[in-house]
Amino acid sequence: MQDADPDTAFRHRHLLGIEGLSPAEIELFLDLADSYVELNRQADKKRSLLRGRTLINCFFENSTRTRTSFEVAGKRLGADVVNMAVAVSSMVKGETLIDTAMTLNAMHPDVLVVRHPESGAVQLLSEKVDGAVINAGDGSHEHPTQALLDALTMRRRKGRLTGLVVAICGDILHSRVARSNIALLNTMGARVRVVAPRTLLPAAIERLGVEVHHDMNAGLADVDIVMMLRLQSERMHGSFVPSTREYFHFFGLDYDKLRRAKPDALIMHPGPMNRGVEIGSEVADDIDRSLIREQVEMGVAVRMACLEILAGRRSNLPPVS
Ligand code: NCD
């Protein structure tokens with residue numbers, strides 16, 4: 001039984017992944033984020049809900065939109081936001097992740113937003129600190145706030161998630177975005193297809209409850225949403241595709257392949273995009289079909305909702321995990 005009271009519907013201390021969240025918990029984030037979209041479009045965007053709270057962004061891996069949007073989200077809600085500069089931090093001097101976590105913990109942050117190249121590292125860190133931890137991407141494991149912002153974007157445009165057919169295309173193997181999106185979309189009753197060459201799919205991907213395709217023309221047939229993913233070469237050891245030119249020919253999104261999708265199908269990409277590799281410029285920039293910029297806008301609203309739920313309301317409730 002889900003608790004309908006929004007103040008008690010999410011009783012976890014951290015947001016580490018989508019896996020294990022209930023439909024009601026996901027909806028709680030999406031409904032609250034929806035209200036922040038409107039606030040963010042006003043001239044005065046500032047609220048004081050998190051006044052006195054401290055958020056530390058700890059990004060042990062590069063980021064543009066995720067880190068910036070957490071910073072913007074925290075500031076809009078009145079929190080003090082600190083960006084830890086990892087490249088000049090003591091980690092470079094050999095300090096372990098746990099020691100770094102303990103050091104930051106001693107400064108009493110209310111929220112730590114953490115990105116790390118190793119799967120599981122954010123969970124490990126969350127066990128050592130007193131504040132709430134939000135996973136901003138751990139290796140190829142989970143990226144929960146990306147899946148929430150993608151869901152909000154889809155729900156606002158299509159009016160629902162249940163029953164939507166979503167094709168996630170490209171480098172599924174290395175993608176935490178794909179894993180979190182598959183978990184969320186399955187939980188909310190959408191139908192997920194993955195479309196990728198065999199080399200870019202994890203073994204036993206079917207067990208995640210997706211339909212598998214190795215051909216874009218078949219994979220995109222009658223879908224509502226086409227979600228393209230970047231070739232994550234920084235996570236590849238060795239060569240996974242013969243050449244980026246050939247990859248674009250077979251798996252890159254262009255109008256020719258998009259024709260297979262529903263006439264009102266929309267295009268998504270979490271960014272950063274590699275134009276001419278997984279997506280052609282003409283489709284990426286098509287204002288009638290592409291939601292890529294809207295995804296960035298929804299990212300701020302979703303992160304405000306995450307901060308409110310994890311730091312703004314919860315202080316008096318005993319967390320369940
Ligand atoms: C993604 C990430 O870092 O996992 N980007 C993002 O958060 N917007 C996807 C990627 O890097 O390709």
Side-chain angles (χ1 to χ4, degrees), residues 15-19 29 33 57-74 83 86-87 113-123 133-154 166-185 194-197 200-202 225-236 240-241 244 247-248 251-253 267-279 284 290-307:
L15 178 61
L16 299 175
I18 298 293
E19 180 96 59
F29 284 104
N57 268 327
C58 316
F59 279 63
F60 300 99
E61 200 183 75
N62 295 342
S63 170
T64 305
R65 61 217 90 215
T66 306
R67 192 188 58 71
T68 313
S69 67
F70 268 111
E71 183 174 354
V72 169
N83 292 312
V86 171
V113 177
V114 187
R115 170 172 285 192
H116 197 281
E118 302 296 334
S119 304
V122 180
Q123 151 117 40
V133 172
I134 300 178
N135 182 2
D138 64 322
S140 45
H141 178 222
E142 279 248 27
H143 190 353
T145 60
Q146 180 70 44
L148 288 168
L149 79 86
D150 289 339
L152 182 64
T153 310
M154 286 183 242
V166 181
I168 306 179
C169 312
D171 185 359
I172 312 286
L173 179 65
H174 300 101
S175 178
R176 52 199 177 206
V177 175
R179 242 162 291 264
S180 291
N181 262 298
I182 291 169
L184 188 148
L185 290 165
V194 294
V195 190
L200 292 176
L201 280 170
I225 301 282
V226 183
M227 186 184 291
M228 301 307 300
L229 299 172
R230 183 175 65 89
L231 276 183
Q232 304 201 20
S233 29
E234 75 277 17
R235 292 190 214 294
M236 295 180 188
F240 284 72
V241 294
T244 50
Y247 182 79
F248 183 76
F251 291 96
L253 188 65
I267 302 158
M268 300 178 72
H269 192 306
M273 274 188 281
N274 285 152
R275 291 169 182 265
V277 180
E278 73 272 3
I279 190 163
S290 170
L291 301 180
I292 297 171
R293 263 184 254 166
E294 206 165 308
Q295 286 172 270
V296 178
E297 181 187 5
M298 295 307 127
V300 176
V302 155
R303 282 150 189 149
M304 290 167 85
C306 292
L307 294 176

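Note that ligands are numbered from 1 as they come in the structure, with each ligand's atoms numbered from 1 the same way. What's counted below: heavy atoms across the whole structure, side chains too, no hydrogens, waters or symmetry copies.
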For this session: Count the heavy atoms of every other residue, nucleotide or ligand shown that sit under 6.0 Å from CZ of Arg293, and state whether that count exceeds 12.
Result: no
Problem set entry | Side-chain donor-acceptor pair present, Arg115, Thr66, cut-off under 3.5 Å | yes
Problem set entry | Given Val195, Ile168, Leu253, Ile279, the one that forms side-chain contact (heavy atoms from CB on, under 4.5 Å) with Val226 | Leu253
Problem set entry | Contact residues of ligand 1, where a non-hydrogen atom lies under 4.0 Å away | Arg65, Thr66, Arg115, His143, Gln146, Arg176, Val177, Arg230, Gln232, Pro270, Gly271, Pro272
Problem set entry | With sequence neighbours excluded, residues passing ring pair (Phe, Tyr, Trp, His ring centres under 6.0 Å) with His116 | Phe60
Exercise. For Glu61 and Arg67, what are the C-alpha separation, side-chain angles and deciding distance, and is it a salt bridge (charged side-chain N to carboxylate O under 4.0 Å, His left out)?
Worked result: CA-CA 10 Å; Glu61 200 183 75; Arg67 192 188 58 71; over 6 Å; no
Exercise. Between Arg65 and Glu297, does at least one N-O distance fall below 4.0 Å, as a salt bridge requires?
Worked result: no
